[in-house]
**Student:** 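Got a structure here, written out as structure tokens. Questions coming.
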Number of protein chains: 2
Amino acid sequence: MPLPIITKDTNPSELNAVVDKARSASNFLKAISHEGRLMILCHLVSGEKSVTELEDLISARQAAVSQQLSRLRLEGLVIPRRDGKTIYYRLADDKPKRVLEVVYDLFCHDN
Amino acid sequence: MPLPIITKDTNPSELNAVVDKARSASNFLKAISHEGRLMILCHLVSGEKSVTELEDLISARQAAVSQQLSRLRLEGLVIPRRDGKTIYYRLADDKPKRVLEVVYDLFCHDN
DNA sequence: CCAATATATCACATAAATTGAATATGTAAG
DNA sequence: CTTACATATTCAATTTATGTGATATATTGG
């Protein structure tokens, strides 16, 4: 059952902890709720991709993709790796994957 | 593994289907990524609540809570039930719950 | 060093989301 | 019908997010 139950006599520090967690979760969800960023993350589930590859995969311009990756990077969701001129991105941990699995199950199953 | 792999020779109708699903998922995630709405949904997991109860639970004003509920209602995430003067809201299905469970696990476990 | 390629950043314009105050609606009680 | 209470809606102001074009940085090859 998600999140502790909050009542009138939940003490302040406990309440702050809950609000902080809600804010973190909210930021994370905002980061992945953008259509382009969501697609990028989905593509990264199957392995790292270069920026150019992602541009093609989601049919968006270089600057847009770079900014979307920038946001995901700042949010700690992806990690860049340079190899020569190209930069490859991969998922930083399984947080996005865990959520994407559920979302995929809810929105993409059959039909 | 989330989402079908898209390549240069994915046919147009298949591609549209994927983009549509991504848009749905994106809208859903946007709806739940707002801090106030996230808290509301969390509280509804444990059962239906009146608007006034929610106002107290998340310490927000009447108009704000009502607007947040309105958004969730339009997005199909919650369902209102009138009983006299008060209106009780409950989760429309287990979509939000499914996602919240993962988010709770990722952001609220221990510490 | 110079040109070419890959990526990042910036500044701006626009669009979308959010808030707050005021007002409206629906319901029960008298 | 009138009042009080619970909730919803509206509108303007503000904030935040996003895409675009131009420009900057880093790397490789010649």
Side-chain angles (χ1 to χ4, degrees), chain A residues 19 22-44 47-92, chain B residues 19 22-41 43-44 47-92 96:
Chain A
V19 172
R23 183 159 305 132
S24 299
S26 166
N27 286 336
F28 169 82
L29 290 169
K30 276 179 184 146
I32 73 174
S33 67
H34 178 273
E35 197 178 321
R37 293 191 296 263
L38 187 60
M39 293 290 284
I40 288 177
L41 292 172
C42 286
H43 285 298
L44 293 185
E48 66 176 15
K49 305 274 182 300
S50 73
V51 178
T52 304
E53 285 172 327
L54 290 171
E55 286 169 38
D56 290 347
L57 286 168
I58 71 174
S59 308
R61 304 203 177 169
Q62 189 270 323
V65 171
S66 190
Q67 279 169 169
Q68 291 164 184
L69 286 167
S70 166
R71 168 76 187 270
L72 293 172
R73 199 173 356 101
L74 293 173
E75 210 73 44
L77 302 191
V78 299
I79 294 177
R81 172 182 74 84
R82 180 182 278 278
D83 178 12
K85 276 179 284 194
T86 92
I87 295 185
Y88 293 92
Y89 278 86
R90 65 174 189 280
L91 298 181
Chain B
V19 172
R23 183 160 305 133
S24 300
S26 166
N27 286 336
F28 170 82
L29 290 169
K30 276 180 184 144
I32 73 173
S33 67
H34 178 274
E35 198 177 323
R37 293 192 294 263
L38 187 60
M39 293 290 282
I40 288 177
L41 292 172
H43 285 299
L44 293 186
E48 67 175 13
K49 305 274 182 299
S50 73
V51 178
T52 304
E53 285 172 328
L54 290 171
E55 286 170 35
D56 291 348
L57 285 167
I58 71 175
S59 308
R61 304 200 180 170
Q62 189 270 322
V65 172
S66 189
Q67 279 169 173
Q68 290 161 184
L69 286 168
S70 166
R71 168 76 187 270
L72 293 172
R73 198 172 359 99
L74 292 173
E75 210 73 43
L77 302 191
V78 299
I79 294 178
R81 171 181 74 84
R82 180 182 278 276
D83 178 11
K85 277 180 285 194
T86 91
I87 295 184
Y88 294 93
Y89 278 87
R90 65 173 191 280
L91 298 182

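In what follows, chains carry the letters A, B, and so on, assigned in the order in which the sequence lines appear, proteins first and then strands, with residues in each chain numbered from 1.
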**Student:** NZ of Lys49(B) versus P of dT7(D): gap in Å, rounded?
**Tutor:** 14 Å
**Student:** Please report, rounded to the nearest Å, how far the P atom of dT15(D) is from the CD atom of Glu35(B).
**Tutor:** 18 Å
**Student:** Among His43(B), Met39(B), Gln62(B), exactly one meets side-chain contact (heavy atoms from CB on, under 4.5 Å) together with Leu54(B). Which residue is that?
**Tutor:** His43(B)
**Student:** If we ignore hydrogens and angles and just use 3.5 Å, is the side chain of Arg37(B) paired with the main-chain N or O of Ala31(B) as donor and acceptor?
**Tutor:**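 Yes, because the side chain of Arg37(B) sits within donor-acceptor range (under 3.5 Å) of the backbone of Ala31(B).
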**Student:** What's the verdict on side chain to side chain contact (heavy atoms under 4.5 Å, CB included) for Val51(A) and Thr86(A), showing C-alpha distance, side-chain angles and the deciding distance?
**Tutor:** CA-CA 8 Å; Val51(A) 178; Thr86(A) 92; over 6 Å; no
**Student:** Give the residues of residues 69-81 of chain B touching DNA chain C, defined as any heavy atom closer than 4.0 Å, sorted by residue number.
**Tutor:**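 By residue number: Arg71(B).
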**Student:** Report the distance from atom CD of Glu53(B) to atom P of dT7(D), rounded to the nearest whole Å.
**Tutor:** 9 Å
**Student:** Go through it in stages, so that I can follow the logic: the residues are Tyr88(A) and Arg82(A), the test is side-chain hydrogen bond (donor to acceptor under 3.5 Å, both in side chains), and I'd like the CA-CA distance, side-chain angles, deciding distance and then a yes or no.
**Tutor:** CA-CA 6 Å; Tyr88(A) 293 92; Arg82(A) 180 182 278 278; over 6 Å; no
**Student:** Quick check for you: among dT7(D), dT7(C), dG19(D), whose closest atom lies nearest to any side-chain atom of Thr86(A)?
**Tutor:**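 Among dT7(D), dT7(C), dG19(D), the one nearest the side chain of Thr86(A) is dT7(C).
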**Student:** What's Tyr89(B) touching, base or sugar-phosphate or nothing? Going by heavy atoms closer than 4.0 Å.
**Tutor:** sugar-phosphate
**Student:** Taking Ala63(A)'s backbone N and O only, do any of them form a donor-acceptor pair with Ser66(A)'s side chain (distance below 3.5 Å, no angle check)?
**Tutor:** no
**Student:** Could you tell me the separation between the NZ atom of Lys30(B) and the C1' atom of dA15(C), rounded to a whole number of Å?
**Tutor:**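 Nearest whole value for this atom pair: 11 Å.
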**Student:** According to side-chain hydrogen bond (donor to acceptor under 3.5 Å, both in side chains), who are the partners of Glu55(A), at least two apart in sequence or on a separate chain?
**Tutor:** none
**Student:** Rounded to the Å, how far apart are Met39(B) CE and dT18(C) C1'?
**Tutor:**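 After rounding, the reported distance stands at 18 Å.
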**Student:** Reckon Ser66(B) touches a base, only the sugar-phosphate, or nothing at all at heavy-atom distances under 4.0 Å?
**Tutor:**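 Result for Ser66(B) = base.
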**Student:** Grab the CG-P distance between Asn27(A) and dT16(D) for me, whole Å please.
**Tutor:** 12 Å
**Student:** Do side-chain atoms of Lys49(A) reach the backbone of Gly47(A) as a donor and acceptor pair under 3.5 angstrom?
**Tutor:**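 Between the backbone of Gly47(A) and the side chain of Lys49(A) there is a qualifying donor-acceptor contact (under 3.5 Å).
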**Student:** Taking the side chain of Ile87(B) as heavy atoms from C-beta outward, which of dA6(D), dT7(C), dA8(D) is closest to it?
**Tutor:**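 The nucleotide sitting nearest to the side chain is dA8(D).
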**Student:** Closer than 3.5 angstrom, by distance alone: can the side chain of Arg81(A) be matched with the main-chain N or O of Glu48(A) as a donor-acceptor pair?
**Tutor:** no
**Student:** Once you round it to whole Å, what is the distance between P of dA6(D) and CD of Glu55(B)?
**Tutor:**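 Interatomic distance, CD of Glu55(B) to P of dA6(D): 9 Å.
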**Student:** Whole angstroms only, please: what is the CD1-C1' distance between Ile40(A) and dT7(C)?
**Tutor:**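 Those two atoms, CD1 and C1', are 13 Å apart.
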**Student:** Just by distance, do the side chain of Ser26(B) and the backbone of Ser33(A) share a donor-acceptor pair under 3.5 Å?
**Tutor:** yes
**Student:** Write down the protein N/O and nucleotide N/O pairs, taken from nucleotides 21-26 of chain C, whose separation is under 3.5 Å; answer none if there are no such pairs.
**Tutor:**
from: dA21(C); atom 1: OP2; to: Arg61(B); atom 2: NH1; distance (Å): 2.7

**Student:** According to a strict under-4.0 Å criterion, is His34(B) in side-chain N/O contact with OP1 or OP2 of dT19(C)?
**Tutor:**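 Indeed, a polar side-chain atom of His34(B) lies that close.
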**Student:** Between Gly84(A) and Gln68(A), name the one whose nearest nucleotide on DNA chain D is closer to the 5' end.
**Tutor:** Gln68(A)
